[in-house]
Protein chains: 2
Amino acid sequence: MIEIRHLRSLAAIADSRKISAAAERVHLTQSALSHQIRAIESHYGVTLFERSRQGVKFTQAGERLLALAKAVIAGVAEAERDIIRLKDDTRGELRIALECHTCFDWLMPVMDEFRRRWPEVEVDLVAGFHPNPIELLASGKADLVIGSRPSRRAGFHVAPLFRYEIVVVMAKEHRLRSSRRIDADDLRGETLITYPVPPQRIDVIREVLEPAGVKLQRRTAELTIAILQLVASRRGVAALPNWGVKSYVDHDYVLAKRIGKGGLMSELYAIANPADAARPYMAEFVEIVRQTCARELDGIALI
Amino acid sequence: MIEIRHLRSLAAIADSRKISAAAERVHLTQSALSHQIRAIESHYGVTLFERSRQGVKFTQAGERLLALAKAVIAGVAEAERDIIRLKDDTRGELRIALECHTCFDWLMPVMDEFRRRWPEVEVDLVAGFHPNPIELLASGKADLVIGSRPSRRAGFHVAPLFRYEIVVVMAKEHRLRSSRRIDADDLRGETLITYPVPPQRIDVIREVLEPAGVKLQRRTAELTIAILQLVASRRGVAALPNWGVKSYVDHDYVLAKRIGKGGLMSELYAIANPADAARPYMAEFVEIVRQTCARELDGIALI
DNA sequence: ACTAATACATGAATCTCGCTCATGATTGAA
DNA sequence: TTCAATCATGAGCGAGATTCATGTATTAGT
């Protein structure tokens, strides 16, 4: 008899196109998923998808079950929200502060979806640039910070979001235009264009340039689009999330290059006070971020 | 994590109003169901229903989960039908013959629902009275007979429907009007009004009168309403299913009396040729009968 | 009031079935 | 060809679901 866990597996497979990747998402081994699928297939006497190296392709029967899965999963989630509402007082506010300003790109759809699910929660963005957004949590000016992992000593509740790659963007005519990858030394003499935050908060400085003893001139801008304008007009280079610059690269406005051998990776977390983290809608906000980003941003990995 | 089996349990509890009765319907012990519910309740931190002597009453949270359960169960059933359709050729015909003519009462809503679910199957009623409807199966004139259990030697596929009580109905002014129960001897000298079928096919004769050596005059009528007219106008008594006469008794047209100490019970089965019984829509027709009757008929027990 | 009956709860024992582990099979790429 | 990636398969284990035995509470009957 089919169960919700099977439907969740199915949805995960549909999302990731690969059984082994889907297995991770539902916290199972590849073997377990394989067994699950086989069980469903033999139960109904149909095949759910054609397996191949580059992912699975759903059959008609698979699509039909997938449609059921999506409906059931959504229905269950909605019912669970309603039950929480019946049980607890779910009014509250969610003031969000961003450490990484590129995140505005994906925050809007996330907030939209969140408002739909928790209309009684007041969502707000904490405006302006802050040298250390985490302090906003401690001072009670924000309820949730999206940024890099704080030291665990600070006592905050930390939920992992995703890992992404930071790339160097440069003008199309830049002298390094034909390099496949960029190392710290390559950048000597360049101007680095960043958001107006302390150098220690900028990954490429902290992780790459400083260890190599390379110190660049800096120039700041508040908006991603402004940074890219400066880059395109050859006022310097910038280091930004790959998903933040993808559309500009695709349109050939600028070039993006990998940093170092394996690329410079960074991770985003949702950080909250432990008291607030227990609120029912908090975990769901994090889930919405993860799902939305996994769907809309290229080249990220949920963590 | 909640699973479909929990939702099925919940729906069964809602239907039967009693945990122990519901347990049987989902093929579990009362204990297992009790544990299941407790697990769900503690998982969500809510109570799903107030337990009391005469059944359970759903709380708001219980109602919400129940709504989910109904939606999910219906969705799963629909998806499974679609998958069967994708897999097999599901066209076919379903010619139904009735052994018990009172069954026309509930057959219409059943057929309606069936047509909705399997529009590509041609449903038909085999008209007229037949001395032995089972023969219609063997001769290929019917695909499904609804009646009492045939001898297992006959090689038919038999699906149980429900158990019900056969009561004696009599005019309000009948000499036995104040008896609480009727025994074979009480009926000596009466006229028994029946459908026009052989005496061996009439339960009250086979099970009660004949064993007691009581032989009554018989008179026949083809329609339940005609039999009741004759009873009401004091032309005799009849023995009919309790649910078949309930509305007439409730309106005080006739009286109904229990037969013997524990009542005369009878059972209905759906009988088909094994080859036909394998067809996907057959099992579902039986399910629809069971569910519809459990919902609409008073005083029956699914078997 | 006492007893019997009915319905649900509870804890321990048991057992099922779903998971992981180890390994094999297949296929595409280098 | 070999390697790497992906999925399949079978055996064995263990968590969790079920049953069994019993307890508790409420109700009906005499």
Side-chain angles (χ1 to χ4, degrees), chain A residues 1-59 61-62 65-66 69 180 261-262 299 301, chain B residues 1-59 61-62 65-66 69 180-181 261-263 299 301:
Chain A
M1 189 67 56
I2 198 159
E3 288 291 354
I4 291 177
R5 94 185 86 92
H6 300 128
L7 299 179
R8 289 188 199 279
S9 299
L10 219 61
I13 293 172
D15 273 359
S16 55
R17 301 298 225 284
K18 289 184 179 176
I19 293 181
S20 40
E24 235 180 313
R25 281 197 28 182
V26 292
H27 308 293
L28 288 176
T29 60
Q30 171 267 319
S31 172
L33 246 197
S34 194
H35 281 298
Q36 264 192 12
I37 295 158
R38 249 183 80 81
I40 300 173
E41 287 185 330
S42 73
H43 178 252
Y44 290 117
V46 298
T47 69
L48 296 179
F49 22 70
E50 324 284 353
R51 282 84 158 164
S52 79
R53 237 57 28 201
Q54 46 279 355
V56 294
K57 180 162 168 290
F58 280 66
T59 63
L65 262 197
L66 180 59
R180 281 192 62 184
K261 180 148 190 295
Chain B
M1 188 68 50
I2 198 160
E3 286 293 353
I4 290 177
R5 97 183 84 92
H6 300 128
L7 298 179
R8 289 191 199 278
S9 299
L10 218 62
I13 292 172
D15 273 358
S16 55
R17 300 301 222 279
K18 289 183 180 176
I19 293 182
S20 41
E24 234 178 317
R25 282 198 27 186
V26 293
H27 309 293
L28 287 177
T29 61
Q30 172 265 319
S31 175
L33 244 197
S34 195
H35 282 298
Q36 258 192 18
I37 296 158
R38 248 181 76 82
I40 300 173
E41 287 185 329
S42 73
H43 178 252
Y44 289 117
V46 297
T47 69
L48 295 179
F49 21 71
E50 324 282 353
R51 282 81 159 168
S52 81
R53 192 75 196 66
Q54 46 279 354
V56 294
K57 180 163 167 289
F58 280 65
T59 63
L65 261 197
L66 179 59
R180 281 192 60 183
R181 49 176 270 208
K261 181 148 187 295

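Per chain, numbering begins at 1; letters A, B, ... match sequence-line order.
For Ser31(A), taking side-chain heavy atoms from C-beta onward, the closest of the listed nucleotides dT20(C), dC7(D), dT10(C) is dT20(C). Closest contact between the side chain of Ile19(B) and the listed nucleotides dC8(C), dC7(D), dT20(C) involves dC8(C).
Side-chain to base pairing of Gln30(B) with dA7(C): no donor and acceptor N or O lie closer than 3.5 Å to each other. Residue-to-nucleotide contacts include no donor-acceptor pair under 3.5 Å from the side chain of Ser20(B) to the base of dC8(C). Contact annotation: side chain of His35(B) to base of dG16(D), donor-acceptor pair absent below 3.5 Å. Side-chain atoms of Thr29(A) and base atoms of dC19(C) include no donor and acceptor less than 3.5 Å apart.
Remark: P of dG18(C) and CD of Glu3(A) are 9 Å apart, rounded to the nearest angstrom. At whole-Å resolution of the value, CD in Glu41(B) and C1' in dA9(C) are 11 Å apart. At whole-Å resolution of the value, CD in Glu50(A) and P in dA8(D) are 12 Å apart. The CZ atom of Arg38(A) sits 15 Å away from the C1' atom of dG18(C) (whole-angstrom rounding). Between Glu24(B) atom CD and dT19(D) atom P the separation is 12 Å, expressed in whole Å. One atom, CE of Met1(A), and another, P of dT18(D), lie 13 Å apart when rounded to the nearest Å. Counting to the nearest Å, the C1' atom of dA8(D) and the CZ atom of Phe49(A) are 13 Å from each other. One atom, CD1 of Ile37(B), and another, P of dC8(C), lie 9 Å apart when rounded to the nearest Å.
Taking only side-chain nitrogens and oxygens, Arg51(A) comes nearer than 4.0 Å to OP1 or OP2 of dA8(D). When the side-chain nitrogen and oxygen atoms of Gln36(B) are compared with OP1 and OP2 of dT18(D), one or more of them lie within a distance under 4.0 Å.
Side-chain N or O atoms of Gln36(A) include none that pairs as donor or acceptor with a backbone N or O of His6(A) at under 3.5 Å. Using a distance-only test at 3.5 Å, with no hydrogens or angles considered, a donor-acceptor pair links the side chain of Glu3(B) to the main chain of Arg5(A). Between the side chain of Ser9(A) and the backbone N or O of Leu33(A), no donor-acceptor pair lies under 3.5 Å. Remark: side-chain polar atoms of Ser16(A) are paired, donor with acceptor, to backbone N or O of Ala12(A) under 3.5 angstrom. Remark: side-chain polar atoms of Glu41(B) are paired, donor with acceptor, to backbone N or O of Leu48(B) under 3.5 angstrom.
Non-hydrogen atoms lying under 4.0 Å from DNA chain C are contributed by nothing in residues 6-18 of chain A.
When the shell of 6.0 Å around CD of Gln30(A) is examined, it contains more than 12 heavy atoms from other residues, nucleotides or ligands.
Proximity of Phe49(A) to Ile37(A): side-chain heavy atoms (C-beta onward) are separated by under 4.5 Å at one or more points.
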